Amino acid sequence: MNTRLGKKSLRLGVNIDHVATIRNARGGDHPDPVRAAELVASVGADGITAHLREDRRHIRDDDMRRLKEELDLPLNFEMAATAEMLKLCTEVQPHACCIVPENRTERTTEGGLDVAGQHNFIAPFVRELIDAGIRVSLFVDPERRQIKAAKSTGASVIEIHTGAYYEATAATDPARIKTELEKIQTIAAFADELGLEVHAGHGLTFHNVQPVAVIPQIVELNIGHFLVGEAIFMGLAEAVKEMKRLMQDARSGGHY
Ligand code: PXP
């Protein structure tokens, strides 16, 4: 472990996109993602993440404005690198912006951003956000070349895409789980050495969160789909409390 790390605390950012997915299934206002954000804030969430997609399939422009205006928690504005999103994000002025790749036909964010391959396009985009006073996070696969490229854009944060780890845990394949976890561990340490703040997310659940939560360089996990799904069975507040308990247990050296 990097000795300058000490023991960093681990934040939970709750992604409330799928509260909006349920609302939009019927139109109207219910369930309100801002109300969900207030609820999770009251039980220990450390931040709110929302992804404004080009097709507005869940979160809408006005949700973003209300999340910024009505909540005390930091807002992480997830978006694709487009001119339209740049304009909205600079208008909303969130705590942070997480840039993700976006594909209209995907069901969810399937892979990390190819910062290395699209550096000439992404670096000036990141610069515009930084100049507007917004901290920038880049959602990348656990690969060294992506981390190096992310660093050179001036972004201060990377979020490691944990989707491949999730797939391995869903397949209950111990060899794949080990391989994917090692990639995340190695990349978290590498990014931290470069001075980047390290976040992680995608596909994290009660069952697979702890081996990621224990990685000392990671300071934030962003979790959505599982929490909103589990809310059907145990309620959103209880689901968030249980997720935080598991994260903190892992971080403080408990067994898992
Ligand atoms: N982080 C980022 C950048 C994402 O795109 C997503 C999915 O929208 C998440 C975290 C949360 O993933 P999940 O909904 O699978 O928990």
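Excluded from the calculations below are hydrogen atoms, water molecules and symmetry mates; all remaining heavy atoms, backbone and side chain alike, are included. Here the structure is a predicted model, which means the values were calculated and not measured. Counting convention: from 1, in listed order, for ligands and their atoms alike.
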**Item:** Proximal ligand 1 atoms for I223, defined as those under 4.0 Å from one of its heavy atoms
**Value:** 16 (O)
**Asked** Numbering the atoms of ligand 1 from 1, which are under 4.0 Å from a heavy atom of V100?
**Response** 3 (C)
**Asked** For ligand 1, which atoms, with element, lie under 4.0 Å from some heavy atom of N15?
**Response** 8 (O)
**Prompt:** Are a donor atom and an acceptor atom from the side chains of D114 and Q146 found within less than 3.5 Å of each other?
**Reply:** yes
**Prompt:** Do S152 and H119 have side-chain N/O donor and acceptor atoms under 3.5 Å apart?
**Reply:** yes
**Asked** In ligand 1, which numbered atoms sit nearer than 4.0 Å to a non-hydrogen atom of G203?
**Response** 12 (O), 13 (P), 15 (O), 16 (O)
**Prompt:** Do the side-chain N and O atoms of H202 and E159 include a donor-acceptor pair separated by under 3.5 angstrom?
**Reply:** no
**Asked** Between CZ of R11 and CD1 of I218, what distance do you get to the nearest 0.5 Å?
**Response** 12.0 Å
**Item:** T49-N15 side chain donor-acceptor pair, cut-off 3.5 Å
**Value:** no
**Request:** Pick, from H51, H202, E159, the option with the minimum heavy-atom distance to atom 1 (N) of ligand 1.
**Result:** E159
**Message:** Within a 6.0 Å radius of atom CZ on R66, are there more than 12 heavy atoms belonging to other residues, nucleotides or ligands?
**Reply:** yes
**Message:** Need the ligand 1 atom indices (1-based, order shown) with element for anything under 4.0 Å from a heavy-atom of H225.
**Reply:** 13 (P), 14 (O), 16 (O)
**Message:** Below the 3.5 angstrom mark, is there an N/O of L204, backbone or side chain, next to an N/O of ligand 1?
**Reply:** no
**Message:** Can you check which of N222, L113, V228 brings a heavy atom nearest to atom 11 (C) of ligand 1?
**Reply:** N222
**Request:** Mark up the atoms of ligand 1 that fall under 4.0 Å of a heavy atom belonging to E78, in ascending order.
**Result:** 2 (C), 3 (C), 4 (C), 5 (O), 8 (O)
**No-hydrogen, no-angle side-chain donor-acceptor test under 3.5 Å, N24 and R56** = no
**Request:** Using only heavy-atom distances, determine whether the side chains of E220 and N222 contain a donor-acceptor pair under 3.5 Å.
**Result:** yes
**Request:** Using a strict cut-off of 4.0 Å, indicate which atoms of ligand 1 neighbour a heavy atom of F139.
**Result:** 2 (C), 3 (C), 5 (O)
**Asked** Can you find an N or O of C98 that's nearer than 3.5 Å to an N or O of ligand 1?
**Response** no
